Structures are given as C-alpha cells and as structure tokens.
Amino acid sequence: MLLILTFLIGLYTCTTVTAVDSIDGNLLADELRKVKEGIGVNYLQVRESTWSKKAQRGYWCKLFTGEGRHIWSYGWKDQRGSNLTIFLMKSKSDTGNQLLQRIQSSLDVSLTQLNKVLTNVKDKIVNVNTDSDSSSLPRCCDIQDVQLTYVPKFQTKVDISTACVTTSPIVMDNLKYPTDQISATMKNNYDLNKNVLWQHYSTTEGVSVIYPATNWENCQNFDPRYTSSYASAASPTDKDVVLVIDTSSSMKQPSGITAKTKMVIVKEAANNVIQTLKPNDRVGLVSFDKEANTPSVPSTSHTCYGNELSFATKENTDELKQYIFTLNTGTTGDSNYEKGLLSAFSYFHSSNDTLDNDNRVKVILFITDGKSTSGRNPVRVISEENAKLQNKIAIFTYLIGQDSDAQKQLTGMANQDLSIGPKSVGHFEDFNQNDQKLLSTKLATFYIHLSTSGQSDQSTFTVPYVDRFSKVGLITSLCRPVNVISFHGVVCTDVKISELLTEVEYFSEDEYSYAFMIDGLGRVLMHPLLPNAAFVKSTEDPVLVDIGVLEREQQAQSVIESMKSGGMGNKTLTKFFTKPRGKLVNDGSRDISLTAYFYWGSIPQSNLSLCVVLVDESYSEIDETQFQPNNVDLQNVFMYHDRSLLKDSFSDCKFYSRRVTSDRSSVKFSQSAFQNPFQYLDRDETAEDVTNYRNYLTRQKITNPGFKSTLRSAVWATYKAEQYWKSHPARFVSWRYMGTKAGMIRIYPGVSLQKPYDHEKRAWWRQAMAHPDIMFLTTPYVDSWGSGIVLSLVHTIYKKGSTTVTAAVGADFPLEYFNWLFSSVYPTCDDVTYWCIIVDDSGFIVMHPRLKETTIESGFKEPKHITIEEPGIAKILKREGVLNSKECQDFSKNTNLRSFRVTMPVNKLGGLAFKDTDESFEIRPIAETNVFIIRRQTKPSTNCKCDSTSPDIVECNNQCECLCHSPISYDVCSNKYNILSASPPCSARLPDTSGVSQPDDTHGLSTCYVPKCHQKLTKTDCFSELECSWCEYTDLSQQITTPCCRLKEECTFGKTKSQYKNTCAAPSTTTDKTSGEIDASQIGGIIGGSVVFGILLTLIIICGIKYFRTRNRNENADPYIDAIPDYELRQYTEKEECSSTDSPPPPYQIQPAINHNFYFDSSTGHKEASLCNGENTNSCRILGPSMREKAVGVYQEHFHILEQFNTFQYDIKSDTGTQLLNKVDRSRACVTKSPLAANNLKYPTDQISDIMKNNYENNKNMLWQHYSTTDDVSVIYPATKLENCQNVNPRFKSSYAAAASPTNKDVVIVIDASASMRQPSGVIDKTKIVIAKEAANNVLQTLKPNDREVPIVRVMKTTLHLQQKKIRTN
C-alpha cells in the first residue's frame, strides 16, 4: 500500500504546497494531517474527508520514496476503508438500577466470604478453648529474609506455608498464646479465598498471630493493642477523648522503668492512646501544673487544636503526637486540677462543634502522680461542668504511684461522687513501681471499661489505612471480637480497598459514568476524584473527605443524606463532571456540565452505601457479533507482548535498544481488561496463562480466561491497525500503537513491555481523551526505548455513530524531524530576524530554538512552560486573554493547583497579529491540533520570572502568575472544606507505574531497518529516515561547505558532534556543481574512483603494517592476547548498510570510534572479543568463534561500525581443548606471577580454578578465563604453556587497565633525557634511562585504542609500534 513518508518527501515537488513568509497555521496542520493519515486514523475511522474533496478539485502532487519511486497522490482515499468503522457497538439493556444491584450483589458475596474467614478463625479458638504457655510458630521478628519469597499480592516477602507470632515488648507475667492450630485455619482461608490479604489474631495480652509469616520494620516493638483495627473491633462506637496530663515538677522523678521519668512514660502512654483512635474518633489535649495549657501556634500548625476536638486523621494525630513529645515539666510542684478539668470540659462546650453527639462516647483521661494542691475540689468541678452536658462525660483517672490522698481524690473524680442523676461510669487505676510498665497498655485499652463496650459479635470495617507490612496501598480490616468466657482478643482479615471495591473502581460503562462509595458518616471510601487506593504510600495521608466536597451540586445533597441513612433511590440532575487534561500537576483538569442519572443503595452487612452515576440511562459496548475474522486473521490477531512466556517462530531484530519482531504487533493487557483485575496484578503470568489467552482470542477454545466481555472484540478490531501499519511502513516514526478502553494496547513493531504498564495511566492517553477528534501533539520527551528525543501524535477513535471515545491511536517521531518539518513549512523561522516557538494549549513548549541546542537527555525530563522560557510573551498573552490560569483543589496534597489554558478570544479566533502584541510577536492556532505557533521578532520585557521547579514545590505569590500551588483553606480539626467559594476539585493524580523498560539483549541481532543515511543527498530525503540527521554546521557553529546526511550519533539539530566535525568532508577530487546537484555519472565516477583508490590504499596500509608487525612481533607480542591489528578492521561510521550487492560506502572519511574490546589471540591466530569488568583487578572472558556474531552485535550497538570476520581454517593440534585450538589442561587453572612480584606476594584463593572450570562446562562458548590481582598474580583457565611465560605481567595489559580504569584518557609521557639518566639504576645492568624507557613502553602497552598519546592520536597498533620504536631509539 501507500507509504506515509512519501507525503513528506514530496514536499518540495508539490505545486500546491509552498512555504510562504507568513504564519498560517493551516500549513502545518496540512502536514500533520498526513502523519495522521499515516498512522491509520482515517483508515480506522473513515469520515467525509477533506482530502478526497481536494483531489476532486485536482489538488495533486507527486510524492517519492527514498529510492525516487512515485507511490501515491496527495488526494488519495483508501477505497478498502470507505465503509470501515472498527468499533461497532451494541446497546445494553441494563438500567441504572440493574447495574447498581449487580454491584451490590457482588459486594455482598465478597463480604460474606470475608466474614466466613473471621468465623473460621474464631470457631477454632473457641472450640480449642485452651491457651498455651508457648507457641511452635516461628517468631515473626526472627524470620530470615532467605526464608521468605516475594509474592505480588502482598507486595513483600512472605512465607505462605505458615503463620508467625509476635509478642508485645511489654511482656506480661504468665503470658499465654492462642492455639497454633489457627495457622492451618488461616492458610486454608487463603487457599479458598484469594481476596484475603493478611489475617491476624491479637489477644488482650499483646500476642499476635499473623498469616502469612513475614518480617517487617520495627517488628520487635509491635503491639497489636495499639492499632486502630484492634480498638475499633473491641470498641466500635465513635469516641470523643480528651487527654489531661499533669506536667508539674514531680513528674521529673524516676519511674518504675529503667532510665525513664514519669513524664516520659506518660508521653508514651498518651501517644499510644492517640494511635488507637480511628479517624471517626476525635481528640483534645490539656497539660497542667499550676496553669492549664492546650496546643497552640507555633507549637502546632493550627489554632483549632487549642479549643476544638480534632478528628483523629493522620494529619491531626501526627501533629498532636509531636506536640506531646514537646511537653516539659514545670518548675514547681503545684498541680491545679481545677484548671486542668475546666480546659478539658471546654472542648465539649466548643461552639464550633456542630457534630451530632448523641451516639458518641465522651471520656476524659486524667493522668497524674499526686493529689491536687490548689484550686477548688475537682469532684465539685466535674459535677458542675458535667451537669451542663447531661453528665455524658466519663472520667477515667490514672495515678502513677500509690499516694493514699491522691487515690481517694481520683477515685471520687472517676465515680463523680457529687454528681446528681444518671451519669457515665468512669474508672480509676493506680500503678506502683513494678506495674508502671503497664501504663501504656492500660491507658490505650481504656475503652474496655466503657459502659457501652460490651462486645457484640458483629464485624466492623476500619477506615482505610496504608498496609503496615508492605507500606504500599490502602487496605481496610474487617474485624470482630472473640470471646472465650470473656473478651479474649480480636480477629481481623485485611483486604485491599481496590480489590474489595473492584466493581466500583473499574466501573466505567461510558466516558463519564462512574461509581462512588461512602460510609454512614458520609466519608468517601472510593471516588474517581481521589487517588488510586492501590498506590497510596505510607508517607502519604489517606484522603478522607466528606462526599459533599466532591459532589457539590445542591440537588445532590438529598442523595447524600439518603445514602448516609442507608436509603435507596434514583434521581436526575445536572452536574459538573471533572476529567483529567493530562498530567494533573501540569495540565490541570477540565469540567463539563451534563445531565446525570444517580442510582444509590446500601451494601448489606455493612454501614456502606453505593451510588452509580450515568450520563445516559442506557449504555453500549463493543458488539463482538459484528466482527467475523476469517481463519487466517484469527491465527494472526494475537501475539502476547511477553514472548519469553510462550515461544514462537517470529524473527527478531534490533530496533534501537529493544529486541522486537516486525512480523507482528504485540498485545499488552492492563488490569482493567479482566473481570477481576487482581487476577492479573497479584500473580506472575505463566505460559499456561498466555496459552489460555491465545486460545480464547483465536477461538480455539470457548473458555474465557477471565476477560471482560469487550476485550476479545477490541483485540480483533485493533488487528486492523496492525494490517495497516505493516502495509504502510513509515521510517520517520519509531513506535505505532493503539490503546482501547477495553484495557488492551497494540504496539508495532512487537515489543515486550513491563507488566505494570497501563496505557490508561500514561499522560498521552489522558491528554488524548481530553482532546477528542484532534491531532494531539505531546511535548518532547526521552523515549525510554532508545529512539532519542521524540514527540507523539495521538488521535482518538470514536464509537460508531457517536461522539464517545473508545480508543486512541498514536505514533512517536523525532524532535529533529518535527523541527525540519516545521522549518520547511515556515522558512522565515530560520531567519535571524525571527524566533519561532510552538506551545500546546496548556502553555508548554513543543518547539523552541533553545531545544535545538539541548542534547542532554535530562533537559527533556520535564516539559518547559512559556511562563518560564518566555515570560515576556506570557505577560502579553495574559493581557490579551490568550493565556489564562485555572485552579482546582487537589485533596491528595490539600493544595490549590494552578495550571494554564491557551485559548483565542472570540473576536480573535485566527490569532494575534504583531499590532496586537506591541509589535513583539504573532500567534496563530494550528487547525485541528492542540498547539499554537508564535513568531517573535523582538523579545518583550518583564520583571516577572517564574521558577522552573515543580508546581508542587513553588508556592503562589501575588507578584507573578506562574505554575504553582497554594494551601487549601479548610478546618483541619473538623476536616471540613469551604466549598462555597472554592475552586472545583481536581481530577485524581493517577500514578504512572509503568517504569522504564531496560535495554534488551540484542547481541547478534541484525537491525530491523538498515539506515542508508550516507546515500541521502537532500535534506528532505534525509529526514525520511528516523535515524538520520542533516549536518549543516560543525560543533563550533561553522557552516559546512557541503552539508550531508549522517546518523544522529554524528550530528543533532544540524550540528555535528565534536568527534565528527569532519563527517561531511568530501574527497579532494570532488567538486560541487554550480547548480548544487550531482548527476548520476558524477556519482558513479566518484564511487568507482573511490573504490579503486580505496583498494590500493588498503593494500599499501596492509603491507606497511605487516612489515612493522613482523619486525616488532618478537619483542612486543603479548604472550597471552594481543590487540587486533588496525588493518584487520574494516571500519564504517554507521551501522551495517551494505551487502555484497549494495553500492560501496560513500567517498568520505572520518576518524572512527574504535571498540577496545577486540583482541587478537596469538595462540590461535584469529580474532576474539574480550568482555571485561573490573574494579581494582582484571576479570575477563574471551569469546570464541562461535560467539563472533554476538560480539559483532556488541560492536555495532555501541560504536555503529562493522567488523567483517574472515572464514577461519582450524588447525587442530590436540585432542584436548579443540575449541581452544591449543594444548591445554581443562581440569584446572594455572598461575603465573610477574617477574616484578612483591616480596610478600599474595595469591587469590585456589577455589576460583573450580569455578572457572564449572563456568566452562556450563558455557562451551567460553574461551580463556583469567583473574589478575594487583600483586601481579594471574590465574588462567584452562592451564596452558605460554610463550615467554616467565615475563608475563597482567597489569601491563590493556584489558586489565581498561577494566581498572575504563575512562578514555589523553596521556603525555615526559621523559628526562639529560646526561644524569645514563647513571646506573637500582636494577642490575640497567641505567635510569633504560628503566624509564621500559616504563614508558609499559604505559603505552596499557592504553586502549580510544586513549590518545602525544602527538594526539588514537593508540592503534601501528601507532603503538611507532611510538615504542621512537622511545627505544632516542
């Protein structure tokens, strides 16, 4: 079929496309439409095309391939695709209520299964009914890492064969362990229910049995009773707790715990109390001596801590725990209970408390070491203050010590002796010296003494928290108390929020549809505007907000109230939908107002409610019946990306740094392709899995391996893209790909991706979804697969007969190519008068003159914004209403994020002219794209300069309007946001977990596409190939007389790299034609003459080098391995470009980069490659003839030159070591030492002989192995007799030096040749000048070919001999 690149190559032959000296956005749009056509958008989604209309008007031009062959016309229309729309849909009959009921039912089943897990463990404990004095289970804290195996589901190393046991660091006397039999019960639970994560049973004595066994940070200090999951099951009622701490000077006294004062153990106990609170609990804090104090600024960050009860969110508890540790004891022993109690009761009287308090337990925890010494009777104070609150406050008092007066006073306070009427029963406890170690435990478990704490048999969910074992992902614990005669402990099973609510998280029946879930207080557990629960880290706060913050429409409030009370119903209303525009921190969010249909109901067995939101009461999905692939297509429709799992017959080739196949595109699934996403995420795929995928997708079997109903038809539909790509090769692009909402992506050429790769989390996908039906251009970035600095062009694909996006197709191409295309369309942009810039609709730079000068990849790590690169232009654009800021509330960071939009005012849709910008610049939109072109003739001035760091770091100020953030104004204590005048919520930060694909093992592979850069004689032709670049200037900006086309490794953005500054140098016999062109006869003459000249020159060089080599061999030959002679390397500056039938290499000469890893094996007479790796010593292995292809692959990959090996004739001298072609002893290694060996010579272990032998037996491709030490000892395998063996010094070898110091070096050797150097040296029979010569020659011997020695030349073999000769004869 038709080649994409020819659209571009024919640019200069088109009679209707001419570059004009003006900025017309349509010109670049026309060229991008050709790229769009080339990646298959028009083929995959045919519409009434402007191209056909132009063709009917005679809008034609001839286009040519790189070989000059005409292949298509400008107005072409593919008749095969005239009726093709690949994503055919069918309507689903499910109503919103049916969808709701389906999810409710699924969650009900999941909760029933989880409750069964708890029941099994509980029944085992109750039935055994006997605790033990010891446990045979392994101690969690003692498990060694080697005993554990990484399991993806748990995201850490575990032992799934058993549970393990921990004990509290506060060990009770006569500690009892629950029955070990619960380990087997837990394992059986896991085997039967893969939704189960961690299971743990914790006793009232602080023993915890955890399945599966694991070890974790700070394991030895773990006490399960201090966790909110334990406390929430033991006492599920929401609580308001005020801690009152005595800080008088007596608290400085030693406690009953070694090296700890009373104040220290009270601080620890108070922090443990706070740690047990769940986010729906609230807490206040009072310290007192003769005065009372509450937290205040600057000791804390918020003033509300001093007078409001604060919800026990992570942010608040972290602040209060930190404040507790800053408390100091007073200077006097005065303890005024009255003031402490009045401050405590003031929290409950707070006018800011608007929460419904009827169903909350209220308690004051009062901690002291003696009686009150001033103020009124504390029992009277409690009576008066509590009466104002209907005596709802329980008083718990704790005495450190056994002062009898204090005991009496504190007991009266707990009993509220002077209070009248019903009152909440309190609790008093004292601690003598021996019992003070129990203060933390007693205080943290205060709730067991509450009158409302009679344990029920109901299971309760905890508020989501980060998994304490793996440190990644939000989990919730389903817990229930276990009673054996009395309260015995708490059994819990953890489950990932994402896994439990899979149906909610992955619910997306249409582009805007979604579902969310809240608890009985209205707190959000799952919502698409919150961060993905699976990726929240321990360093991040779980986002726990009220649903009213995210669903702000007034009409939605009645829905929310019904959900909180457990009701059900449906309602239609108009609401704003928030969707991402790309990467949140750069692009912000977009909002669109649509009619929405709400369907809600409660979840059985929980206090949770679910709501489904649809934009259309009915929805549609891909109709598989409309696809009838034939048998041939069915066999070709699927190749899984990870080909290591299932072998195939497709041929491999090297594409940049990746191993690919051009025979097929590869298909990669994301978790959303599966009915149960964690079926994919929580296990490693196997060959059996891939076989099942293939059998189902190719209809060999009807069993569905777990895919959603839309997946198979999406795979079939996207196969049309592969067919188009293969029939339309495009050498100016690297990767072409098509992702769908069904959870699969197809890439060509076929390549392996990392398993976590999810195209729906990639910026290009989110940006394309936010810009439907336009040609979306990304900003430049570094391609992680080795194709350099690239841009992507992405276009969406609609469902048939609708404007609903269901897929996106895209391609990557080099920034250099786009720069050339841009300059070709707008030649004035290369004029010194102007400076041209392209920005996207978020204000980020797509093309800028400075980008051409940036060759360091780190310069493209983050996109550049116009407010940073061109602040003067940005200032005028803001003034003219073109560049406008927008803020949204990012609840994951509690900040308002500012981003920008570039839009043209209604009265200037065509852009701004010079007259609109103070004659500084003009800006025009590029039609059907997201980008704008700016042509600047003068640089506008401004005093504003925005910071180039991340908006997450830069805080907004009133001086300059930049990408930045500002704190959200909200009441941290009540966790309430002011939404009346606030910015809309941001879309969620979706973490891109794809990672960077590492370069593949491409040794021995031929390149997929052989670049012929040197054959390209025009710039247009040059840029038709991805790996080529047009060289016009040297690295010093000197214009090259005759520009040329070379590999990107030699020049970038028109400038040669320093080592290739002469790459375009023509032979002296070549003259330029006055017309600037070269006809065929001249080319033939040049090439023919060059071949003859090259042959003669080669013969001369070979003879000359052989002369020197023969002359110097006896005195300079390396007795072990020697550097390969120069004349045996036929060196090109590019990858292999010619076969025996191709035209000869071009008539230009450059100084090539030489691979120093090639050597000559003097024992066998043929070339080998030594692969070295070392620190202070040399460790090498030499690749024999059977590894030649692999060695050449290394050579080509790193240096882009070709080594032509000769056909060797083998002379087998011995029955032993036939591969080595020499007499050897393969049973062992041998050892040599330098003649200059030290007196206290040390030898490496003899065991390496066995290791080397084993290496050889397991890899027959190996040749010599040798290990050389800094003491001049060398161990060589297999043992052999070396010529001149006694004089071998491994440290004088370049292989040793190359590993010990791999950096390329420029060396100048300076030798004193004065008369004094004739004096005898310390070496017998040698003068000083003799040992200096020897030393200098040894220096030369260690240098690699890429090193240079005076005069500044590369150290080739001929150079080495000549320089050594010079040293010897002077």
Side-chain angles (χ1 to χ4, degrees), residues 114 118 153-156 166 195-202 208 210 214 216-219 221-236 238-239 271-283 310-321 444 447 459-480 490-501 504-505 517-521 523-527 530-546 606-608 891-894 972 975 991:
L114 292 173
L118 300 183
K153 179 179 182 65
F154 295 92
Q155 299 184 78
T156 190
T166 70
N195 281 335
V196 172
L197 196 63
W198 306 100
Q199 300 172 68
H200 36 103
Y201 177 69
S202 305
S208 190
I210 299 169
T214 190
W216 66 95
E217 184 181 354
N218 207 26
C219 171
N221 292 321
F222 176 70
D223 191 322
R225 296 167 296 181
Y226 301 160
T227 63
S228 62
S229 57
Y230 182 99
S232 64
S235 178
D238 294 335
K239 294 175 282 291
N271 274 324
N272 286 332
V273 170
I274 292 176
Q275 191 166 303
T276 65
L277 300 179
K278 53 187 186 295
N280 283 343
D281 296 332
R282 297 187 301 176
V283 63
S310 305
F311 277 103
T313 61
K314 188 174 185 301
E315 179 180 2
N316 289 335
T317 55
D318 285 350
E319 281 260 11
L320 292 176
K321 285 194 290 186
Y447 45 77
S459 301
T460 57
F461 274 111
T462 65
V463 173
Y465 62 95
V466 177
D467 182 0
R468 71 173 64 90
F469 300 113
S470 69
K471 305 293 186 182
V472 178
L474 285 182
I475 63 175
T476 183
S477 298
L478 184 66
C479 301
R480 67 193 300 180
V490 172
V491 59
C492 298
T493 179
D494 299 342
V495 61
K496 297 177 183 178
I497 290 289
S498 293
E499 191 161 355
L500 176 64
L501 305 181
V504 180
E505 180 175 0
M517 182 174 286
I518 63 173
D519 65 15
L521 290 177
R523 192 167 304 225
V524 184
L525 274 73
M526 182 74 70
H527 196 286
L530 295 185
N532 189 310
F535 301 104
V536 177
K537 300 177 182 178
S538 59
T539 55
E540 302 170 335
D541 294 345
V543 181
L544 303 173
V545 298
D546 187 86
S606 72
N607 67 334
L608 308 177
F891 297 110
S892 67
K893 304 287 186 182
N894 270 330
V972 65
N975 202 30

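Quick caveat: nothing in here was measured; it's all calculated off a predicted structure.
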Electrostatic pair Asp467:Lys496 at N-O distance under 4.0 angstrom: no
With the threshold set at 4.0 Å, does a side-chain nitrogen-carboxylate oxygen contact exist between Lys314 and Glu319? no
Can you tell me how the ring of Trp216 sits relative to the ring of Phe469, calling it parallel under 30°, perpendicular over 60° and tilted otherwise? perpendicular
Kindly compute the distance separating [atom1] ([X]) from [atom2] ([Y]), expressed to the nearest 0.5 Å.
{"X": "Lys153", "Y": "Leu197", "atom1": "NZ", "atom2": "CG", "result": "5.5 Å"}
{"X": "Ile497", "Y": "Phe461", "atom1": "CD1", "atom2": "CZ", "result": "8.0 Å"}
{"X": "Met517", "Y": "Leu500", "atom1": "CE", "atom2": "CG", "result": "7.0 Å"}

How close do [X] and [Y] get, heavy atom to heavy atom, and via which atoms?
{"X": "Asp546", "Y": "Leu521", "value": "OD1-O, 3.7 Å"}
{"X": "Leu277", "Y": "Arg282", "value": "CD1-O, 4.5 Å"}
{"X": "Ser232", "Y": "Lys278", "value": "CB-CD, 4.0 Å"}
{"X": "His200", "Y": "Ser208", "value": "CB-OG, 4.3 Å"}
{"X": "Phe891", "Y": "Val543", "value": "O-CG2, 3.7 Å"}

Step-by-step side chain to side chain contact (heavy atoms under 4.5 Å, CB included) determination, Arg523 to Phe311: CA-CA 12 Å; Arg523 192 167 304 225; Phe311 277 103; 3.9 Å; yes
Going through the checks in order, is the side chain to side chain contact (heavy atoms under 4.5 Å, CB included) test met by Cys492 and Leu478? CA-CA 5 Å; Cys492 298; Leu478 184 66; over 6 Å; no
Step by step, would you call Leu530 with Val545 a side chain to side chain contact (heavy atoms under 4.5 Å, CB included)? CA-CA 9 Å; Leu530 295 185; Val545 298; 4.2 Å; yes
Identified side-chain contact (heavy atoms from CB on, under 4.5 Å) counterpart of Val463 within the set Asp281, Leu474, Thr313, Leu544: Leu544
Report the residue from Asp223, Thr276, Val490 that forms a side-chain contact (heavy atoms from CB on, under 4.5 Å) with Tyr230. Val490
Looking at Pro224, is its backbone amide N or carbonyl O close enough to the side chain of Thr227 to form a donor-acceptor pair, meaning the two atoms are under 3.5 Å apart? yes
N/O donor-acceptor pair under 3.5 Å between Thr476 side chain and Thr462 backbone: yes
Single hit among Asp494, Thr460, Thr493 for side-chain hydrogen bond (donor to acceptor under 3.5 Å, both in side chains) with Ser477: Asp494
Taking C-beta and beyond as the side chain, do Asn280 and Asp519 meet within less than 4.5 Å on heavy atoms? yes
So Pro464 and Ile475, do their side chains get closer than 4.5 Å, heavy atoms only? no
Verdict with supporting geometry, Leu608 and Leu525, side chain to side chain contact (heavy atoms under 4.5 Å, CB included): CA-CA 9 Å; Leu608 308 177; Leu525 274 73; 3.9 Å; yes
